[in-house]
Structures are given as structure tokens and as C-alpha cells.
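When reading the values below, keep in mind they use all heavy atoms of this one structure, side chains included, and skip hydrogens, waters and symmetry mates. Start at 1 and go down the list; that is how both ligands and their atoms are numbered.
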Amino acid sequence: MTYEDKEIEKLWETIFATDKYRVMIGNIADNFPQEKSVKVDYEDINLYDVAFSAYILEEPDRCLEIAKRAVMNMVPNIDRPGQAINVRVCNLPRDAKVEIRNLRADHLGKLIAVEGLVRKVTTVKPRITYALFRCARCNSEIWVPQTGMIMKEPLMCNNPDGSCNKQATRFIEDLKASTWIDTQKVEIQERPEGLRGGSQPERLSGFMEDDIAGLITAGNSVTLNGILRSQEKSDRDKSTVFETFLDVVSIDFEKHEFEEIQITEDDEKEILAMSKDPALYRNIIRSIAPSIFGMEDEKKAIALQLFGGCHKVMDDGTNLRGDIHILLIGDPGVAKSQILRYMSMLAPRGVYASGKSASAAGLTAAAVRDDFGDGRWTLEAGALVLADKGLACIDELDKMTDQDRSSLHEAMEAQRISVAKAGINATLQCRCSMLAAANPKYGRFEEETSIYDQIELPPPLMSRFDLIMILTDKPNKAHDERLSSHILQTQMRGEARMIPEGTEIKGLDVEEILRQTNEIKPVYSIETLRKYVAYSKRIVPVMSPEAFKIIQESFLRIRNMGSGNSVPITARQLEGYVRLSEASARMRLSSIVSEQDANNAADLIEAYLNRIAGNGDGTYDIDKIATGVSAKSRGNIDVVRNIIRDFEGVIGLTKEDIINHGLNNGLEEHEIETALKKLVDVGDVYTPTSNCYKMA
Ligand code: ADP
Ligand code: MG
């Protein structure tokens, strides 16, 4: 079906004559140019005329041009050349939605809707659409429409009876009186949840003009409605292969957090039944990476992380984060990366990234100047921003860049990232939980040294994690046997699953293999679990007095265990308790944090503190995590500092002398060396000549 221009105009006129649009256009007429777009809901067109609404998707350029004319006819007082009211069709139907990876030549020139996460935005820059020139001789006005990148000048004066006699060649541009619009270029990428198992997200550039420029920022989740266009790759060689970009007509922001996960009534019934199952916690743990053997505590923690505590806004406006951060530190080859990859796939909005990623934005965000913006500054979102409201799985955290190292604290605690550089002044949200993995300092844990000393992350960063799990890989006959059986069974099941159904193999019972390895099948499918998690986010549990008591007791118990003057646990860990217990309640879809929930949290925290900050005698020393210096070594530092101060003289004290004094004070040689190094590192002590130490 095709339409004549006249028919199209008629149709638009009828639509714009309805109450809703008459009021809207009247409003624009009064407030132009502060308001300059008619937002047309596609649904309205569809209700009015199905065939026409389909035609708009096919022939958007023509239809929208005519729509613009129709609106302009209704608003007579806008007369400056180039000034116009935009018609922005939004809320496109499902069948106009195209995934970025499915964009094809067929879509060129069509009106489509593309969903994605905003990865890059350039600064907003003005563009002249209609330039005003004045003839240098007769001063008459000449308007020249500007379409390309280079400013077009008038060829001759168009004033028929001016003094210049149409011979003038000099024109003066009047930039101030010309017509300008804002422009911005953005790049979106496919949403993580739309991706199948670890494939790389595809990207698409979009151009925004006029009042929709500057509306979105990196990390936003949007639907861009626009017309797909092509552009030659470069102007130098005439290629027949073109780049595509979206000429954006309108932007739809995402309305609900977990909108993309559809929960039907049947789903809801299933979810409510699941929540009543006494084996729920176990079943969920067994559904998390079942092909990975063991890791019981880690999987428990990760299960709680999936549900998360609740975000709170206090009376004074302070925000308390509800997201749980977990760090896995462990020997190589213990399936850290494997579990991260699995979780990035399982969690709604999971993003997997490595600390040593190649992108300029790294883990957080950056202002960069690159080809994308044609030399303009561009704000680029990193993994944590892209995982907003989801789970950021960050592998090899210890290999992250210095820039990330410094901005990660804010990202983890305040859950936002500020970028202020080159005219870009943005605060990006990263309300995500973080599941990170790192290797110990020397590649693998060494027996002799305490675990804490082998973690090479800055202490302020470490203290932002609610749980830090240590994974060691020590040969142990019983464990190795079970591990190897598990891995081999997984492989066997994998092989058996690949055999086409009904195939007979002599001497092999495929069905039996599948039955025997049934353990490896997750109890809940990924889809079910995702729905369950999405559903659970509706619940905001509140602490019961019993839970309050258990958490407080556990906290006080550990706090009292501090040896000497060390502070064994800080308020940060206390918040961790709360988050974990809330998550445990949420998992049961319970509005009350029960005794059991508090115990679940306390068990995990006590186990982790014991492992990482334990002094080996049942006492804890969280100072190691909070400041990087344990109470004992802080004592050592004081001793060594005093030695240098007391004996340094004019030329300082040699290392040998310091060690001798230290030994007399009951320290061991390696303790003295560590303390000395620390003093030099922080600048308390310096070396005037080599091997001589002096107070700074
Ligand atoms: P990491 O990142 O800790 O260095 P990987 O995740 O790359 O280790 O794991 C290495 C390989 O060892 C993976 O293929 C994984 O399947 C296997 N593996 C290690 N530990 C386990 C385990 N507990 N259960 C199952 N597979 C394991
Ligand atoms: Mg790894």
C-alpha cells in the first residue's frame, strides 16, 4: 500500500486534531523554542489507522517530513528559516525492534527501534542549519541552508534592486542570528542480558539532533527509535561498503528495573512455591555453576550476592548501598574465571570484564578523544557503569590500571563515578554488585607467609568488599579424587549430551551416564533462577529484633577478640552483616530478616575473617585489611622508628646497626626489614647516603 503526499498530510492532520495533540502543539506554540518537539505515541497512530502506522515504518523520511509540515501549518508564528518543530514518533511496536547484531541492508531507510546500553557519548556541539549572510555592499539578508560539514556561502546577492547590482562577492556571516541546533553522537551496545553465553556485544552509533542531544549519558539503558542510514567509510577511497548509523528520531528510556524479565502469572505461582521449599538455599547453591566442584562457601556468598541487600535512603538523604561486593583471591586454576563467567551469564545484567581490559574506559569511565567523536571529547563507560543495576564480574582485579585503582573506591561505595575533564562533567551511576577475582601477590599462595601479606590490593579497596574468599589449591588425596571425578563426570555428561537421541552405541549406556551424572544438572534452570531473582527484588526485608541481636553479638564478639590495641572489625563489616542477612531474607521472599538469615550472614563473615585476618590463635586483626598494617607490625614500625631517632646521630644509622638494635629489642630480622621498608615508603625515614637511614 502506498500513499500520496496529500493523503499522508490528511492523516497527520486528523491525528494532530485530536485533543491530546492539539493541546501539545498549542503548548509548543506558546513556549517555542524552549519546547520544540511533538512526541507522537506510535500506539495512537496504530489505533487510528493500522495500515498508515505500518507505512510510517517503511517510509519514515517522507511521512515525518510531511508531519513536520502539518504541524508547522498549525503554528503560524515560527518563521525564521530553518526553525522547525520536530515530530518525534516514540514507543515503536515490538516488530520494529531490531537487535544490533541483526541489522541488515533491508533496514536502511526504515524506522526501527534499537535497544541498548549507552557506551559512549560525545560532548554536545552546536551545528548551523541555516546560516545568515549579509551582502557587504547592500546589506541585504541571504539565508543559506547548511547540510554538509563545510560552511556553504552564497554565490551572489539575491537582492534584485539592491545597490550591489547582484555583482557582490563578499558576504558577512551573522553567526548570532543564524539558526543553530545541538548535535551529539552516541554509541550503544547490546544489553548484556540479550547476549548468549559470552559473545561480544555489538555496537551501533547514533546521531541526535536538536532537543534530544544531551539527554542521555553513558550507562543509560535506552531504546533509540530512528532511521537507519549508511555512510561511506572514508572520503578518500570510494568504497562500496558503508558504515551504518542511526539517525535518531526519539529516545525511550527504560521504565522499570527488571522490565526485560517477563514474569507471567504461572511464573509467579512457581516462584512462590519455590520460596516455600525448605531446601531452597541448597537448591540455589546447586544451581550455581554445578559443573564447578566444591566452593561451597563461595557459592553461598554468590547466591546471597545475587539477591542483594536493600538500598536505603536515610532521612538526611544519605544513601546506603545494598549491593554486596565479593572478592575471590586464589591460586591459578581453581575455577575463579570460570565462576565469574558463569555468573555474568546468570545474573540479570551481568557484565564480564578483565582488570587489564584494553578499553580506555577501563573498569569505571573515562573522557577520551578518539575517532568516534571525530576529535570531540567522548565520555566512555566502563564495565561497572555498563553493569548498572546488575552484576559486574571483574577478573584479574589485581592487574587493573592505576586510573581504575584510584576511582574504584568511589565506584564501589558511593556507586557513582565522576568524570570531570575537557568540558565533560558527568556523574555516572554504577549501582552494581561486584564479583571480583584476583591472584595472590606471588602468583600463588605460599605456606610460610600469612595470607594477608600476599594480597596486593590497596587496603581501602579491600575494605569495600563485604566478603573476601581465599581459594587455595593444595594437593590433598581425598579432595583431589573427588575433584577429578567431578570434572571427568562433567566431561562425560557433556559427551553423552552431544550424542543425538536414540543413537545406539555398543557397550555403552548413554541413558545411564546421564542418570548417574544428574547431580551436575542445575536444580533450577538459569531462566527460572533469573525470574526468581528478578521477582525477589520487589521485597524489602526489615530486621527482626532476634536478627538484630545475633548480628550485634557476632560483631561485638569479634571486636573483643582484637589482640592488643588493634581494632578487629569496623563498621564497614557491620554493614556487610546487614546486607548479607537482608539478601538471605530476600531469597526466601520474606519481608522479615530472621534469626536464620542473620546466622547465614554471620557464618560467612566469621569464616572469612578467620581465614584472612586471623592471627592463628582465634583472634582477629581487621586492621590488616583496613590500613594494610597489622597491629603487630605497627608495633614493629614504632620500635624501628624509635631506634633510628635515638641513635641516628649526624650521618644516620646503617642497616646493620638498625638490625642489631632491633634484635636486642626482641624483633626478628625480617620484621625489622619490613618495618624499615615501610618507613622509607611512607617517607618517615630517608637515606642521605646509601645504606644510611635518617629521620626525615
Ligand atoms: P583461574 O581463573 O582460577 O585461574 P580457571 O577458571 O581458568 O582458573 O579454571 C581453570 C580450569 O580448571 C577450568 O577449565 C575449570 O573448569 C577447571 N577447574 C578448576 N577447579 C575446578 C573445580 N573445582 N571444579 C571444576 N572444574 C575446575
Ligand atoms: Mg583466571
### Query
What do the steps show when you test Asp388 against Cys432 for side chain to side chain contact (heavy atoms under 4.5 Å, CB included), and what is the final call?
CA-CA 5 Å; Asp388 187 30; Cys432 60; 5.8 Å; no

### Query
Can you check whether His325's main-chain N or O pairs, donor with acceptor, with Asp466's side chain at less than 3.5 Å?
yes

### Message
When you compare ligand 1 with Phe293, is there at least one nitrogen or oxygen pair between them that comes in under 3.5 angstrom?
### Response
yes

### Task
For atom 22 (C) of ligand 1, find the nearest protein heavy atom and state the residue, atom name and distance (0.1 Å precision).
Leu483 CD1, 3.4 Å

### Query
Given Tyr608 and Leu604, is the side chain to side chain contact (heavy atoms under 4.5 Å, CB included) satisfied, shown in steps?
CA-CA 6 Å; Tyr608 122 70; Leu604 281 170; over 6 Å; no

### Task
Tell me whether Asn439 has at least one N, O or S atom under 2.8 Å from the Mg ion (ligand 2).
no

### Query
Quick one: does atom 17 (C) of ligand 1 have a protein heavy atom under 4.0 Å from it?
no

### Proximity of Ile487 to ligand 1 by residue part, where a heavy atom lies under 4.0 Å
side chain

### Task
Check whether any N or O atom of Pro332, backbone or side chain, sits under 3.5 Å from an N or O atom of ligand 1, and answer yes or no.
no

### Evaluation steps, side chain to side chain contact (heavy atoms under 4.5 Å, CB included), between Asn439 and Ile329
CA-CA 5 Å; Asn439 283 109; Ile329 302 190; over 6 Å; no

### Query
Is Gln338 in polar range of ligand 1, meaning some N or O pair under 3.5 Å apart?
yes

### Task
Give a yes-or-no answer on whether the side chains of Asn220 and Thr217 include a donor-acceptor pair shorter than 3.5 Å.
no

### Query
Can you tell me which residue and heavy atom of the protein come closest to atom 7 (O) of ligand 1, and the distance to 0.1 Å?
Ser337 CB, 4.0 Å

### Message
Taking distance alone, with N or O pairs closer than 3.5 Å, would you say Ala335 contacts ligand 1?
### Response
yes

### Task
Evaluate the ring planes of Tyr577 and Phe555, with Trp represented by its six-membered ring, and classify them as parallel (under 30°), tilted (30 to 60°) or perpendicular (over 60°).
perpendicular

### Which of the ligand 1 atoms, numbered from 1, are nearer than 4.0 Å to a heavy atom of Ile292
22 (C), 23 (N), 24 (N), 25 (C)

### Side chain Asp277, main chain Met274, donor-acceptor under 3.5 Å
no

### Task
For the pair Leu391 and Tyr352, evaluate side chain to side chain contact (heavy atoms under 4.5 Å, CB included) and give the outcome as yes or no after the intermediate values.
CA-CA 9 Å; Leu391 178 69; Tyr352 176 91; over 6 Å; no

### Message
I need the nearest protein heavy-atom contact for atom 19 (C) of ligand 1: residue, atom name and distance, please.
### Response
Gly333 O, 3.2 Å

### Task
Compute the minimum heavy-atom distance from Ser291 to ligand 1 and say whether it is under 4.0 Å.
yes

### Message
Between Arg586 and Gly309 (side chain of the first, backbone of the second, donor and acceptor by atom type, cut-off under 3.5 Å), is there such a pair?
### Response
yes

## Note on the structure
When Lys389, Gln305, Arg321, Met343 are each screened for side chain to side chain contact (heavy atoms under 4.5 Å, CB included) with Ser433, the one that passes is Gln305

### Message
Using a 3.5 Å cut-off on N or O atoms only, is Asp395 in polar contact with ligand 1?
### Response
no

### Summary
atom 3 (O) of ligand 1 has as its nearest protein heavy atom Lys336 NZ, 2.8 Å

### Task
Just let me know how Asn439 lines up against ligand 1, side chain, backbone, both or neither, with a heavy-atom cut-off below 4.0 Å.
neither

